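One structure is given here, and the rest of the page talks about it.
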Amino acid sequence: ERARGLGTRYAVHEGSPEREATRHLQILTHLRTALDDDQLSLHYQPKIDLASGRVSGVEALMRWQHPEWGNVRPDEFIPLTEQTRLIQPLTEWTLQQALRDRRFMLQRGIDVPIAVNLSSGLLRSREIVRMVAQVLSEPPGNGWLQLELTETAMMEDPERSLQILRELVELGAPIHVDDFGAGYSSLGYLQRLPVDTIKIDRVLIQHVDRDARSAALTGAAAEFAHVLGLKVIAEGVETATLYRQLADLGCDAVQGYFIARPMPRTDFIDWFERQGGRFAPPADADTDTG
Ligand code: C2E
Ligand code: MG
Ligand code: MG
Ligand code: MG
């Protein structure tokens with residue numbers, strides 16, 4: 001039992017709604033312990049500005065190392081918290097940890113903004129404004145935090161969301177639209193949102209090199225975003241071909257395994273220093289690693 005991973009449990013219980021509910025409850029119970037027990041951490045994945053090759057920022061991605069289950073993926077547990085009150089302390093932890101990591105990176109001379117993902121549902125309450133205000137009021141101050149939110153999250157209750165988004169922006173936390181093109185994607189509504197950047201979803205990006213329609217859509221989305229004065233990041237860039245193509249399609253920045261996987265903060269710092277804060281695709285990177 002001890003050695004069994006969560007994946008095994010999942011496979012065993014698949015198909016039974018009762019088992020599924022039990023498993024969800026179990027994850028939530030263990031997550032409460034994880035919060036107090038140092039089982040959570042943030043990993044960092046760089047974003048590269050295509051014009052300069054410089055690291056333009058990092059995205060903080062949550063990792064849960066459970067003592068028995070091993071790694072539990074954020075996609076498995078974060079959506080579960082969204083229906084519960086646990087989402088508040090989890091978000092508070094993430095913001096505070098990002099602040100600690102911000103200080104740690106600064107001490108080593110690395111000054112890049114950190115993007116934190118926010119769950120859907122957080123825009124229902126002004127609690128998120130309080131949490132963000134809190135971390136930005138502490139040293140080293142403002143100007144380092146970016147917030148990633150999906151369109152779906154922003155469109156749940158548009159009027160209320162809009163008000164809260166405006167307050168977050170006023171605090172000095174730019175909003176990035178995550179997973180753009182994966183869901184609802186109402187271009188008209190995007191115009192009304194106080195957003196700074198769109199991140200085109202991996203699902204669209206990963207077909208750009210094989211499918212002319214995906215390439216055209218990505219190019220059109222980039223053009224549209226630029227008309228609105230927004231920046232464009234492509235997510236999930238796994239190959240040299242894509243890296244080059246996305247520059248041609250007008251993306252401003254890229255993120256993905258081709259550049260680097262998400263890393264613990266010390267590994268990120270090592271990577272950053274080795275690269276001199278830049279990324280240049282290897283000259284012989286024509287052969288895709290896929
Ligand atoms: P996301 O914000 O869209 O993050 C991108 C996901 O794609 C991450 O998965 C990342 O590791 C993965 N990824 C990056 N580059 C590549 C690539 O080239 N190829 C492939 N196949 N995947 C790539 P991860 O870390 O498992 O996170 C999954 C999702 O969980 C995130 O999607 C985000 O929605 C959520 N999440 C992660 N950390 C947090 C957090 O601290 N708070 C909240 N609320 N949500 C989080
Ligand atoms: Mg994200
Ligand atoms: Mg995304
Ligand atoms: Mg996602």
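When a ligand or atom number is given, it counts from 1 through the structure's own listing order. The shown structure was predicted, so the numbers you read here are calculated from the model rather than taken from an experiment.
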key: Those residues that, when tested against Y44, pass ring-ring contact (aromatic ring centres under 6.0 Å, His included) (two or more places apart)   =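 Y44: no ring-ring contact (aromatic ring centres under 6.0 Å, His included) contacts found.
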key: All ring-ring contact (aromatic ring centres under 6.0 Å, His included) counterparts of H66, not counting sequence neighbours   =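 Only H30, W64, W69 meet the ring-ring contact (aromatic ring centres under 6.0 Å, His included) criterion with H66.
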Those atoms of ligand 1 less than 4.0 Å from some heavy atom in [X]:
X    : answer
P262 : 11 (O)
R202 : 6 (C), 7 (O), 12 (C), 13 (N), 19 (N), 20 (C), 21 (N), 22 (N), 23 (C)
S119 : 44 (N)
D178 : 1 (P), 2 (O), 3 (O)
G236 : 16 (C), 17 (C), 18 (O)

Regarding [X] and [Y], do their side chains bring together a donor and an acceptor under 3.5 Å, going by distance alone?
X    : Y    : answer
E159 : Q163 : no
Q88  : E92  : no
Q65  : S41  : no

message = Counting only heavy atoms not in D38 (residues, nucleotides, ligands), do more than 12 fall under 6.0 Å from its CG?
response =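 No, the 6.0 Å shell around CG holds no more than 12 heavy atoms from other groups.
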task = Look at atom CZ of R213 and say whether more than 12 heavy atoms of other residues, nucleotides or ligands are closer to it than 6.0 Å.
result = no
request  = Could you check which N/O/S atom of E59 is closest to the Mg ion (ligand 2)?
outcome  =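 When I compare the N, O and S atoms of E59, OE2 is nearest to the Mg ion (ligand 2).
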inquiry  = Both conditions, 6.0 Å and 45 degrees, for the charged tip of R108 above the ring of F104: are they met here?
reply    = yes
ask   = Is D178 close enough to the Mg ion (ligand 2) to have an N, O or S atom under 2.8 Å?
value = yes
key: Contact flag E148/the Mg ion (ligand 2), N/O/S atoms, threshold under 2.8 Å   =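 Under 2.8 Å: E148 contacts the Mg ion (ligand 2) through an N, O or S atom.
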Location of contacts on [X] toward ligand 1, heavy atoms closer than 4.0 Å:
X    : result
T94  : side chain
I78  : side chain
V237 : backbone
Q45  : side chain
R261 : neither
Q97  : neither

task = Please confirm whether Q255 comes within less than 3.5 Å of ligand 1 when only nitrogen or oxygen atoms on both sides are compared.
result = no
query = Is the shortest N/O to N/O distance between A60 and ligand 1 below 3.5 Å?
reply = no
request  = Compute the angle centred on the Mg ion (ligand 3) spanning OE1 of E235 and OD1 of D179, and express it rounded to 10 degrees.
outcome  =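 Value returned, to the nearest 10°, is 90°.
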Sub-6.0 Å ring centroid separation between F279 and F258 = yes
ask   = Which is closest to atom 33 (C) of ligand 1 in terms of heavy atoms, N117, N71, L149, L95?
value =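 That would be N117.
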